[in-house]
Peer 1: 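First, the structure itself, so that you have it in front of you.
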Amino acid sequence: MKTVFVLNGPNLNLLGTREPQVYGSQTLDDVQVLCERACAANGFALEFRQTNHEGTLVDWLHEAGHLHAAGTLAGVILNAGAYTHTSVALHDAIKGTGITLIELHISNVHAREAFRHHSYISPVAKSVMAGFGVNGYALAIAGLAGMQ
Ligand code: CA2
């Protein structure tokens, strides 16, 4: 059974507590349950994590790269939060690992402030998911299943 990594970056631990008009009212725990169900339905194991630290995301991408090399990774779904718009380190970590990575945003970043329109992740992502709310996580997992 292959594993899906779902990695969440800064402030996503606050999901469901503020800005429900942008991010909805479901918490990150709710998102984990949704991902567990989607992974079970598609025959994947799930590794679901959140951190507020850029270097920790880099370490987790390297870890995913090791699984990819071993043939046991289905792919990575990354909501890098605000690091999407700032992080060359995440771009570099993804580039060259060979991992299948889906960039995910709960909101439609292109309908928001101009500083959210640029992504350092998109050029090294296989696919981009944005604006589907938290259901985007389940859609991305189904998308990964279609790529196996
Ligand atoms: O739409 C997304 O998923 C984002 O990646 C979320 C990031 C934002 O910086 C990106 O531009 C788009 C922010 C995550 C913060 O989430 C919060 C949730 C509830 C309350 C406060 C922050």
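Atoms within each ligand, like the ligands themselves, are counted from 1 in listed order. What you see is a predicted model; the values in this text were computed from it and never measured.
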Peer 1: Between Thr27 and Asp30, do the side chains contain a donor N or O and an acceptor N or O under 3.5 Å apart?
Peer 2: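 There is such a pair (donor and acceptor under 3.5 Å, judged by atom type) between the side chains of Asp30 and Thr27.
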
Peer 1: Quick test: of every protein heavy atom, which one is nearest to atom 3 (O) of ligand 1, and how far off is it to 0.1 Å?
Peer 2: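 Nearest neighbour among protein heavy atoms for atom 3 (O) of ligand 1, to 0.1 Å: Ile106 N, 2.7 Å.
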
Peer 1: Tell me, which protein residue and heavy-atom name are nearest atom 18 (C) of ligand 1, and how many Å apart are they?
Peer 2: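 Among all protein heavy atoms, the one nearest atom 18 (C) of ligand 1 is Tyr23 CD1, 3.5 Å.
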
Peer 1: Quick check: Asn79 and ligand 1, any N/O pair under 3.5 Å apart?
Peer 2: yes

Peer 1: What is the closest protein heavy atom to atom 1 (O) of ligand 1, and at what distance does it sit?
Peer 2: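 So the nearest neighbour among protein heavy atoms is Ser107 OG, 2.6 Å.
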
Peer 1: Between Trp60 and Glu47, does a side-chain contact (heavy atoms from CB on, under 4.5 Å) hold up when you go through it step by step?
Peer 2: CA-CA 10 Å; Trp60 289 347; Glu47 197 59 48; over 6 Å; no

Peer 1: For Ala82, take its heavy atoms, then give the atoms of ligand 1 lying under 4.0 Å from any of them.
Peer 2: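 The list of qualifying atoms is 9 (O).
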
Peer 1: Indicate whether any N or O donor in one side chain lies under 3.5 Å from an N or O acceptor in the other, for Glu103 and Ser122.
Peer 2: yes

Peer 1: Taking the six-membered ring for Trp, are His105 and His85 parallel (under 30°), tilted (30 to 60°) or perpendicular (over 60°)?
Peer 2: parallel

Peer 1: Distance only, no hydrogens: is a donor on one side chain within 3.5 Å (strictly under) of an acceptor on the other, for Tyr23 and Asn11?
Peer 2: no

Peer 1: How far is atom 17 (C) of ligand 1 from its nearest protein heavy atom, and which residue and atom name does that atom have?
Peer 2: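 Closest protein heavy atom to atom 17 (C) of ligand 1: Asn11 O, 3.6 Å.
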
Peer 1: Could you identify the single nearest non-hydrogen protein atom to atom 11 (O) of ligand 1 and state the distance to 0.1 Å?
Peer 2: His85 NE2, 2.7 Å

Peer 1: Can you tell me the protein heavy atom closest to atom 4 (C) of ligand 1 and the distance?
Peer 2: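 Here the nearest protein heavy atom works out to His105 ND1, 3.7 Å.
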
Peer 1: Looking at Val109, which atoms of ligand 1 are within less than 4.0 Å of one of its heavy atoms?
Peer 2: 11 (O), 12 (C)

Peer 1: Find the distance between OG1 (Thr84) and CG (Asn79) and round it off to the nearest 0.5 Å.
Peer 2: 6.0 Å

Peer 1: Is there a side-chain contact between Ile121 and Leu101 (heavy atoms, below 4.5 Å)?
Peer 2: yes

Peer 1: Do any N/O atoms on Glu19 end up under 3.5 angstrom from N/O atoms on ligand 1?
Peer 2: no

Peer 1: More than 12 heavy atoms of other residues, nucleotides or ligands under 6.0 Å from NZ of Lys2: yes or no?
Peer 2: yes

Peer 1: Suppose we measure from atom 21 (C) of ligand 1 to each protein heavy atom; which comes out shortest, and what is that distance?
Peer 2: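 Ranking protein heavy atoms by distance from atom 21 (C) of ligand 1, first comes Arg18 NH2, 3.6 Å.
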
Peer 1: So which heavy atom in the protein is nearest atom 9 (O) of ligand 1, and how far is it from that ligand atom?
Peer 2: Arg116 NH1, 3.0 Å

